[in-house]
Amino acid sequence: MTRHLISSADLTRADVEDILETASSMHDLQRREVKKVPTLRGRTIINFFFEDSTRTRSSFEIAGKWMSADTINLSAKGSSTSKGESLRDTAMTVDAMAVDALVIRHNASGACHQVAQWVRCSVINAGDGTHEHPTQALLDAYTLRTRLGDLDGKHVVIVGDLTHSRVFRSNVITLKTLGARVTVVAPPTLMPSGIGAWSEADGFATSWDLDPVLEGRGEHGPVDAVMMLRVQRERMSGGFFPTAREYTVGYGLTRDRLETLVARNRDVLVLHPGPMNRGLEIAPEAADSAQSVVLDQVSAGVAVRMAVLYHLLAGDDSSVASSHAPPPTHAATEGAAR
Ligand code: CP
């Protein structure tokens with residue numbers, strides 16, 4: 001049976017809990033002097049990154065290596081993609097080498113879903129366009145659970161460039177799967193179309209106004225964690241906000257806002273998936289504060305990706321579901337299949 005991780009919606013609560021429990025054992029391993037285990041000996045994993053990455057690519061490579069898999073990194077530049085080879089031909093070519101998993105980052109939403117139709121090996125979505133980034137959501141959940149315990153009823157606020165964020169989409173799904181309360185905040189220009197119907201169906205709140213949410217006013221209630229999202233200028237074709245300064249004033253986690261949060265809950269957590277635009281969506285004082293778990297997220301990334309590889313390549317068949325169709329609003333573009 002072909003087994004993939006394309007969307008956070010592929011995972012039931014039991015799947016997520018299994019993966020996070022495995023990640024906890026993997027995290028213990030990470031603290032040992034000798035980190036290598038033979039779990040995936042004889043398995044081959046290709047990390048194919050058509051978009052830049054520091055955290056995801058290196059953590060998948062480390063995860064595979066620590067589990068004794070043979071890992072190979074490919075990027076668009078330096079592969080035959082740069083000579084015009086289609087995604088389909090490239091995917092089928094590496095699959096023909098009898099690899100066990102293809103970890104893919106691609107700029108087209110739905111690209112991983114497409115590839116999964118063409119290959120025999122497992123496909124893991126390492127971020128596809130503005131669609132999803134399921135392993136990021138898992139590592140964020142792991143980080144939150146390590147600090148907050150069970151996420152049932154915990155209030156997580158996600159702030160920023162929602163329109164271009166695959167991290168936000170996967171996080172809402174995984175956090176809701178784990179029973180958290182979620183509020184998402186963005187300027188109207190960066191609030192995705194269709195979010196009203198989605199938020200009603202999945203039971204999360206939306207707001208254009210950050211301060212009342214951070215202050216826990218009205219129906220919002222006290223905040224347990226704030227996840228700041230990167231302003232993705234590389235995906236913006238027009239002006240989504242007047243100036244960087246105005247964005248920061250309205251939606252940045254400034255020193256003053258951090259003080260407000262801490263005054264209400266001294267254990268509040270600050271997350272950011274990275275890379276951070278310091279001084280734009282997050283002030284250095286917040287990024288480097290005692291509340292910040294940004295580096296914990298990075299550390300969890302290796303353990304969680306080891307757990308995902310384990311469940312897909314060596315684990316229990318029932319641990320990851322096979323349904324992975326992207327939502328219709330994020331269907332693969334022509335470019336993905338070319
Ligand atoms: N969070 C994240 O995906 O970071 P990278 O782009 O560095 O992989």
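First listed ligand is number 1; within each ligand, the first listed atom is number 1.
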Exercise. Does the distance from a Lys or Arg side-chain N to an Asp or Glu carboxylate O, for Asp152 and Arg13, drop under 4.0 Å?
Worked result: yes
Exercise. For ligand 1, which atoms have a heavy atom of Gly274 less than 4.0 angstrom away?
Worked result: 1 (N), 2 (C), 4 (O)
Problem set entry | Salt bridge Asp100-Arg43, side-chain N to carboxylate O under 4.0 Å | yes
Problem set entry | Under 3.5 Å: N/O of Arg57 near N/O of ligand 1 | no
Exercise. So is there a nitrogen or oxygen of Pro273 less than 3.5 Å from a nitrogen or oxygen in ligand 1?
Worked result: yes
Seminar exercise, completed: Gln136 heavy atoms within 4.0 Å reach ligand 1 at atoms 1 (N), 2 (C)
Problem set entry | Any donor-acceptor pair under 3.5 Å from Asp15 side chain to Thr12 backbone | yes
Exercise. How far is atom 6 (O) of ligand 1 from its nearest protein heavy atom, and which residue and atom is that?
Worked result: Arg105 NH1, 2.8 Å
For this session: Indicate whether the side chain of Arg105 and that of His133 have a donor and an acceptor atom separated by less than 3.5 Å.
Result: yes
Exercise. Charged N to carboxylate O under 4.0 angstrom, Arg169 versus Asp128?
Worked result: no
Exercise. Would a 4.5 Å heavy-atom cut-off, applied to side chains only, mark Ile173 and Glu132 as touching?
Worked result: yes
Problem set entry | Glu51 near ligand 1 by a heavy-atom separation under 4.0 Å | no
Exercise. Does Gly127 come within less than 4.0 angstrom of ligand 1, counting non-hydrogen atoms of the residue?
Worked result: no
Exercise. When you measure from atom 2 (C) of ligand 1 to every protein heavy atom, which one gives the shortest distance, and what is it?
Worked result: Thr56 OG1, 3.6 Å
For this session: Could you tell me whether the side chains of Glu85 and Thr90 share a donor-acceptor contact shorter than 3.5 Å?
Result: yes
For this session: Report, in ascending order of atom number, the atoms of ligand 1 lying under 4.0 Å from any heavy atom of Thr54.
Result: 5 (P), 7 (O), 8 (O)
